[in-house]
Structures are given as C-alpha cells and as structure tokens.
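Below, chain A is the first sequence line, B the second, and so on; all start at residue 1.
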Amino acid sequence: MDIQSLPLPEPFIRACKNKGITSLYPPQAECVHNGLLEGKNLLISIPTASGKTLLAEMAMWSRIGAGGKCLYIVPLRALAAEKYDEFSKKGVIRVGIATGDFDRTDSYLGDNDIIVATSEKTDSLLRNKTPWLSRITCIILDEVHLIGSENRGATLEMVITKLRYTNPGLQVIGLSATIGNPGQLAEWLDAKLVTSSWRPVDLKQGVYYDGKIRFAGSERPVHAKTKHDDLNLCLDTIEEGGQCLVFVSSRRNAEGFAKKAAGALKAGTPDTRELGRQIRKLRDRDEGNLLADCVEKGAAFHHAGLLRQERAIIEEGFRNGFIEVISATPTLAAGLNLPARRVIIRDYSRFSSGLGMVPIPVGEYHQMAGRAGRPHLDPYGEAVLIAKDAPTVERLFDTFIDAETERIDSQCVDDNSLCAHILSLIATGFASDEQALTEFMNRTFYVHQHPKTRSLPRIISDAIRFLTQAEMIHQSEQTLSATSLGNLVSRLYLNPCTARLILENLKPGKTLTLIGLLHVICVSPDMQRLYLKSADTQMLRTFLFKHNDDLILPLPFEQEEEELWLSGLKTALVLGDWADEISEKQIEERYGIGAGDLYNIVDSGKWLLHATERLVSTHIPELGKTIATLATRVHHGIKAELLPLITLRNIGRVRARTLFNAGYPDPESVAKAGVSRIARLIGEGIARQVIEEISGVKKSGKSGFEAENKPEYKPQKLTDIPGIGPKIAQKLQNEGINTISDLLTADKVSLSNILGSARTEKILAILSELTPETGIKAERNESPLREQKITGQSSWEDFGC
DNA sequence: GCCCATGTATTTTAGACAGCATGTC
DNA sequence: CTAAAATACATGGGC
C-alpha cells in the first residue's frame, strides 16, 4: 500500500518520504483496512520493529487533521522522551511531554496536538482535573500488555477506563507485545484485533550447545576462540561485522561479562576511547571506573545502578556502532529500541524470593529475542539461548522458542493500589456513591475477564471502610465525598496507606529526629527500598544499639515486618547520609549501591518529604516547617547550615559548601565579598550571575562590577516586592499582614496557605536578601530537628496497612 | 612460615512510576 | 513444589 494514496495530511506524507518511507508493511496495511484512519479502535499485536510507531503516528495525524487531540501513553519516562523527540521532528504539529521529572511544558500542555505521557502522570493529570483531557479524541497505549503487570498494571487499566468513561467516541489504539489472550483484551477495548508475526528483518531463534547454534532446520558452527561459550557467541557476531546484546540475570553478571568481553576485544577505537572519556567525566575523577574501562574497549554493561547519563552514552554509542557488545539486565529489554544483530539470552532464569530461580516469562523472552536484527542494517537477526547440556537444548525450544506466550490478567482489584484508585474516583467526582463505583468498576478489564464475579461489592466496601476510617472520605446518607485530607492525598498521588502511616506516626508526643522521620517515610509502600545484605544487618544492629531512641516506629516482632522495617532503616540511613553531605562515592561504598540507586532513593525521598510536609502542615504547622527544611536538605543533599546559600540559582551542594567553608555563609556575605573574590571559588561566570541575582539586578548588558555598587533595594510597601501585586497585597491584608515587617515575622506555613508555597518561597528568598539593610532581623526559627517535640503516640499496628 | 590448590560454607540475586503552581509583571 | 553461581573462608600439602 502506497502512503501517498492515504487520506493523511500532506506534511506527514512529505516527512515520511524524507525518511524513505513510501509504502506500508503488510501488517500496517491491514490496520489501515481495519479503520485506523477512520477513528476505529484497534489492538495491534505485532513484533517489535515492525512499524508500530508509524501506525500510531498515522492515526494521530488523521485525528489531528480532523481537529482532534491525541494522548500517547507510555510505560517509561525514557520512552516518553524518545517518542517526544520522534514526533517533534516532523514539525507542523505541536507536541508536548508530561512525565514526573519533565514538566516544563506543563502550563501550555493542553495547547499541543500530541501529548506524550506516562500512565502515572496521566492518572495524576486526571486526579488534578486537568481540563484539556476532556478534549482528547485519540489515545495510543504503548505496551498495553503491561495492564497485566503486578506493580503498575492497575494504574494503566484505571486510566484507560477513566478516559473512555469521560470521552465518548474516543479512539483507542493499543500497541501490544504478543500475549496469550489478545482477543479478550481487544473485546474489552471494543477494538478490532490485528495480529501478525511479519517482521521487516528475518529472525532466527536457536539454542547454542557444544559449538553449534541449532536453529529449527539448520545449524551454525561457532568458532571456539575462548573457553567461554557466551563470549565465543559474541565474538562470532562481531567478527562478522555485527553487534551483540547479552541478557543476564544480575548486575554483577552484567559487569562480569562486560569485563570478560572487554578483555577479548583488546584494542578499542578512537571513538570508544572518546566514549570512555565522557563516562569518566561524569564521576569524580577517581581511580577505578569499570564501565569506562570496558567502554574504551568497545564493551559495556547496562543496569539500573548506572546514572541516566551513563546509560544514555552507552545506548548512543551502541546505536552508532562504536560499542560492539552490551551485557544487560532486563532494563534494556523493556526500555528503548536498541536492536543488535545477535541477541544472546544467557540467563533465562532469575531469582525470585521464596521461589528460587524461576524461568523468565515467555513474553519477556520474546521481548529480548525481538531485539535481534536492525532493519536496513542487518541481513537477519539471531536470538540465541545457551544450553549447558544436551537435554536442555530441546527443553529450551519447548519452554521459550515454541512456547505460547502468557495471558495477561487484570491487576486492578487484588493489587494494594485499589484503595488509591477508589479514593481518586471519589475525589475527582467519577463516583459519588457505592452504586456509581460499582458501575465504574464494571467497565474495567477485571470485570470483563470475570463477568460473573460476586466479590466486587465486598472489595469495594472494604476499600470504603478503610478510607472512611482514615478520614479520607466521608459518607452521608448514600453519598460519598472526599474530605480535604482525601483530596490532598489523591492529588499528591500518595498511596492512602502511606498517608495514614505518616499521619499516625507524626502525631504529637514523641521526640522527632531526622532519622526517625526518614524511617517512617522509608517503610511506606511508596518508597523504593534497598535490598538487605547480611553485612547490613550487623551495621543496622549497631546503629540501633546507639540510636534506638531516635526512631518513631518500634521494631516489630514478626519476621516479615522486621525485614521491611530494617530495609526501611537502611534506606533512611542513605537519605540521612546524603543530607549530611557524605560524598556520593562514600555512600555508594558504605551501602553497596550504584549511583543510579542513590539518585532514585533521593528522588523518591524528595517527593515523599514534600508530600509529608503538605500532610502535616494542616494539623501541626510547627512540624511542617521542620519537615520543609528537611525536604530542602534532602533535595539538595546539604546540611542545615547551607540552607541560606542554596536559595541562589546555580548554587548546589558543592558550590554552597565551597562558599560556606570560605567564610561566606549566606547571600549577603557573598554579595559583600564581590565578584572577584567569589569568582576564585566558583568561577567568574557563576560568581557574576549569583551576585547579580542577590542584588536583584535583572540580567542586562551591565557588568557584574557595577552591580556591586547598586543602591540597596528597599521596599516600603507590600506591593514593592516583586511577586506581590495589588490582589495579593489585599489577600495578605485580609490575614492581618499589612507591612513588610508583618511579612517578615509571619510564619511560613500560614503564608503558604495564603499564597501557595512556591510564591512564598520566592518572596521569602527576596526578603532574606534585604533584611540587614531594612533593619529587621528575619528570625525564621529553623529549630534543629533533634529538639523538636511533638505530642501523641505512634502505633505500629497499622504499619503498611 | 608461606604459597597455592582444593574443598566447603556463605552470600547474593531486575526494574522504576509519582508533587510543586493557576496569578503577576 | 522449586536455585545456582560467585565469593569468602578453611584446610592441607609442598616447599
């Protein structure tokens, strides 16, 4: 089928032509025949790299041509960024991206024709009643089979159900890997099912044993260059001019294999050495950098302990053909599109606690195998499993290559996130009584799979009971409504169990310490915890011996709970060290974690501390202040003494520490020191910028030295302060704040309630710069955490719900 | 007493989503 | 119902 003959906007057709795409692949043509461009729902289950993205784009362009707006839902932030780039390149249409870490376009998001978002972000937008969502006329569900994922499937299912509920006539395009029950999923989506195993590059799947790869019907000998089968398979492809992807079961294995491969590759090229340099630059120029050592030779490993930038360099280096082999954990299987001529699935079983080594799902095998063969670049793709003995050869064919893919099952009721979803349904007005909840749930995939279920009413009323007890919803007559707490929890995207855990334990009555607070957050279901190693247990016991009194939660007796408690403590200690300015390298060594892990822990910690502050501030403003301080400390990884400096733009933990140690503990002293002295510490460009900021001078052609002699900025009235106009001033006056000095003595929490926290921060930052000159001392008691008292009691019982 | 080879007990084991603010210069 | 590989430690023998 010729693209030019299709009813698609001209710019899109031109863009395709420029990329060399003139006609459709057979499965793509089938989708067009099935109404892709006429707004029909489709579930498309075809192999990776057979043109799913183009199908999505065709559907979206045709909807946009008809005045519509499209939402492209992906499971990973990295994937969102990739699609965003890809769609943006075509020009003409407006593309936006919405993920948790990437919301700069948020305010104008609704103006875009296409919005790329993660499923969680979409859920969050729904909970915050984002108006433009009702104008969406087409959703693309990338990797829709993830609806069966235990962790995150429920969210995706609820998002789909909600959007279809509010937007009648919505076109739904599901893009799925091969699954066992595609018909059932298609039925639920009211979609036509398109399946095909057609691939643009031929894929050969086989098992290696005893010097040969056995494919169905053919064999291929592999030259035994070394005594390692996995390595030989790898070198075989490289000699032939291809690249290799090796999937293994653990990080250590990934690193081990890359080291082995690097040893065999020996030389490396100028390109790989450059990549190595780039990777070295990312860390403190310390001695051993295994990744850089490997990459220099053209081998790399890939897992979640790496930094994002490291992963990006490796992926790009592989795509450009510089890196010849990557050994990876499943990160790469699910993530970006990174094909290679040969994929080696070396470890086909993985540890699962309580179960031992279990074989990976067939679906996952196919996802890995599907990575073999680069369209237009490789003549064919090979996916190879490695057998350790003769009988295993056949077994591997049976369990993976010739096996049926697993079915997917709805996770939306037995998942512990049901409470959160019920709360959000009530808070956003999807349902205002039990009847409506049931009706809504009847539209889920769960009920489609279990049409005769009778347990649903009980499950729903259990959730309602929990939420009522937690004072998140309120029941009068038959009507359910969210309390202000419930609304807050829903909008903060917090698991209700987490919110309850926090509120139960931060009640007044106990001495609150930094580690005690962090510990509460770290045992919540929303925190990603660290795995406990045996050496940790010893370390934690020692810590407990000395600091048991600092903790709020008592050590539980039951073993399972104890493990959660301890791993939460370990995670809390990591956050504590980070906020105590322990160097990243030291933290990584002390807890045996990678830089990427640290980043993730801090990221989650930041989010949960922010949420905690919001939760607590309403009831105990004093405590809210303390938590806000701590949130800032964890955000930047600084001790309390650096708080004044961190408010400056372009000053992070390192520069703030440099300035502080050189005798400039706050913005005023920095300004007084002048550009030349500060420049010696943090470089002239930054120094100039910072001092300009402190003096409140807008960026202009003026030199930084002039800025030093600028007359002091002395506001007289409230409206003299940038950020405060007549309306805001009126609001403040209504609360009894009439003058600048009132503002300075007012406490931050009540200000936040009047102005919102972002504005308050901004205004306080401005005020803090001028206090000495105005003669008013801003005494914002950031009392040390250890002395903070709160009253009440904490209980262990409701821990973790 | 030291070094190495071998045997035995112990330890370790993937990944990754989410908030903020809605008026003002 | 279900693990396996790497590593740390222990032992023993040769010198």
Side-chain angles (χ1 to χ4, degrees), chain A residues 74-80 98-103 106-108 117-125 127-131 146 149-156 159 247-254 256 302-305 308 328-335 347 349-360 364 388 417 420 488-495 498 526-528 531-537 592 596-597 599-601 603-604 606-615 628 631 635 698 719 721-729 731 752 755-762:
Chain A
V74 293
L76 299 172
R77 300 197 277 221
L79 229 43
T99 66
D101 58 350
F102 218 161
D103 55 351
D106 230 45
S107 44
Y108 302 102
T118 55
S119 37
E120 282 78 7
K121 184 65 182 188
T122 309
D123 194 21
S124 166
L125 292 168
R127 292 184 189 197
N128 287 290
K129 301 182 187 169
T130 307
L146 285 175
S149 140
E150 270 185 49
N151 296 332
R152 298 170 57 203
T155 305
L156 179 57
V159 163
F247 285 106
V248 296
S249 64
S250 71
R251 292 180 181 188
R252 195 169 52 185
N253 285 344
H302 192 284
H303 58 64
R308 262 157 198 286
T329 58
T331 9
L332 220 53
D347 302 346
S349 46
R350 190 160 43 222
F351 176 81
S352 161
S353 99
L355 297 174
M357 297 300 275
V358 292
I360 59 170
E364 200 176 316
K388 286 172 198 72
S417 64
L488 185 61
V489 170
S490 170
R491 278 186 295 116
L492 288 172
Y493 210 77
L494 220 50
N495 185 324
T498 303
D526 279 322
M527 185 72 194
Q528 56 162 174
Y531 186 89
L532 272 184
K533 301 180 184 182
S534 70
D536 295 333
T537 321
D597 301 308
Y599 177 87
N600 287 332
I601 291 169
D603 204 39
S604 312
K606 267 187 331 206
W607 165 48
L608 286 171
L609 281 169
H610 167 78
T612 305
E613 186 216 328
R614 294 289 306 272
L615 279 177
H635 182 95
K698 288 255 157 70
T719 45
I721 298 169
I724 299 188
K727 276 193 195 169
I728 296 282
K731 263 194 198 171
S752 299
L755 304 170
S757 60
R759 187 189 304 282
T760 305
E761 291 291 345
K762 220 190 275 176

Can you tell me which stems DNA chain B forms, taking runs of 3 or more consecutive Watson-Crick or G-U pairs with both distances under 3.5 Å?
B:1-13 with C:3-15

Between A:Ala117 and A:Thr122, which heavy-atom pair has the shortest distance, and what is it?
CB-OG1, 3.6 Å

Phosphate oxygens OP1/OP2 of B:dA18: is one of them under 4.0 Å from a side-chain N or O of A:Arg491?
no

Quick one: A:Leu488 CG to B:dC20 C1', roughly how many Å, whole number?
12 Å

Closer than 4.0 Å, any side-chain N/O of A:Thr99 to the OP1 or OP2 of B:dC17?
no

Could you tell me the separation between the NE2 atom of A:His302 and the CG atom of A:Leu332, rounded to the nearest 0.5 Å?
4.5 Å

Determine the contact category for A:Ser249: base if any of its heavy atoms lies under 4.0 Å from a base atom, sugar-phosphate if only primed atoms, P, OP1 or OP2 are that close, otherwise nothing.
sugar-phosphate

For A:Ser417 and A:Ala420, indicate whether the former's side chain and the latter's backbone hold a donor-acceptor pair under 3.5 Å.
no

Enumerate all atom pairs, one protein N or O and one N or O from nucleotides 3-6 of chain C, separated by less than 3.5 Å.
unit_1, atom_1, unit_2, atom_2, d
C:dA3, O4', A:Met357, N, 3.0

Rounded distance (Å) that lies between atom P of B:dG15 and atom CZ of A:Arg77:
15 Å

Within the 4.0 Å heavy-atom criterion, would you say A:Leu494 contacts the bases, only the backbone, or no part of the nucleic acid?
nothing

Output the rounded distance in Å from CZ (A:Arg350) to P (B:dA14).
9 Å

How many angstroms lie between CZ in A:Arg152 and OG1 in A:Thr118, if you round to the nearest 0.5 Å?
7.5 Å

Value in whole Å for how far the P atom of B:dG15 lies from CD of A:Glu364
11 Å

Check whether A:Asp526 reaches the backbone of A:Leu494 with its side chain - one donor and one acceptor, N or O, closer than 3.5 Å.
no

Which nucleotide in B:dC17, B:dA14, B:dA18 has an atom nearest any side-chain atom of A:Thr329:
B:dA14

From CG of A:Leu125 across to P of B:dC17 the rounded distance in Å is 16 Å

Rounding to an integer number of Å, can you tell me how far A:Asp347 CG sits from B:dT12 P?
19 Å

Taking A:Ser124 for the side chain and A:Glu120 for the main chain, is one N or O donor matched with an acceptor at less than 3.5 Å?
no

Distance test, side-chain N/O of A:Thr118 to OP1/OP2 of B:dA18, below 4.0 Å
yes

Of the non-hydrogen atoms in A:Ser119 and A:Val159, which two are nearest, and what is the gap between them?
O-CG2, 3.6 Å

Could you state the atom-to-atom distance from NZ of A:Lys533 to P of B:dT11 in whole Å?
13 Å

CG of A:Leu608 versus P of B:dA18: gap in Å, rounded?
13 Å

At under 4.0 Å, does any side-chain N or O of A:Lys121 touch on OP1 or OP2 of B:dG19?
yes

Within the side chain of A:Thr130, is there an N or O that forms a donor-acceptor pair under 3.5 Å with the backbone of A:Leu125?
yes

Determine whether the side chains of A:Asp123 and A:Thr155 contain a donor N or O and an acceptor N or O closer than 3.5 Å.
no

Which nucleotide wins on minimum distance to the side chain of A:Ser250, given the candidates B:dG19, B:dA16, B:dA14?
B:dA14

Under 4.0 angstrom, heavy atoms only, what part of the nucleic acid is A:Ala304 near: base, sugar-phosphate, or nothing?
sugar-phosphate

A:Glu120 side-chain proximity, nearest of B:dA18, B:dG15, B:dG19:
B:dA18

Which part of the nucleic acid, if any, lies within contact of A:Asp603, taking any heavy atom under 4.0 Å across all strands shown: a base, the sugar-phosphate backbone alone, or nothing?
nothing

Taking only N and O in the side chain of A:Ser534, is any of them less than 4.0 Å away from OP1 or OP2 of B:dT12?
yes

Does A:Arg614 put a side-chain nitrogen or oxygen below 4.0 Å from OP1 or OP2 of B:dA21?
yes

If you measure from the P atom in C:dA6 to the same atom in B:dA14, how many Å do you get, rounded?
14 Å

Atom CE of A:Met527 and atom CG of A:Asn495: how far apart are they, to the nearest 0.5 Å?
14.5 Å

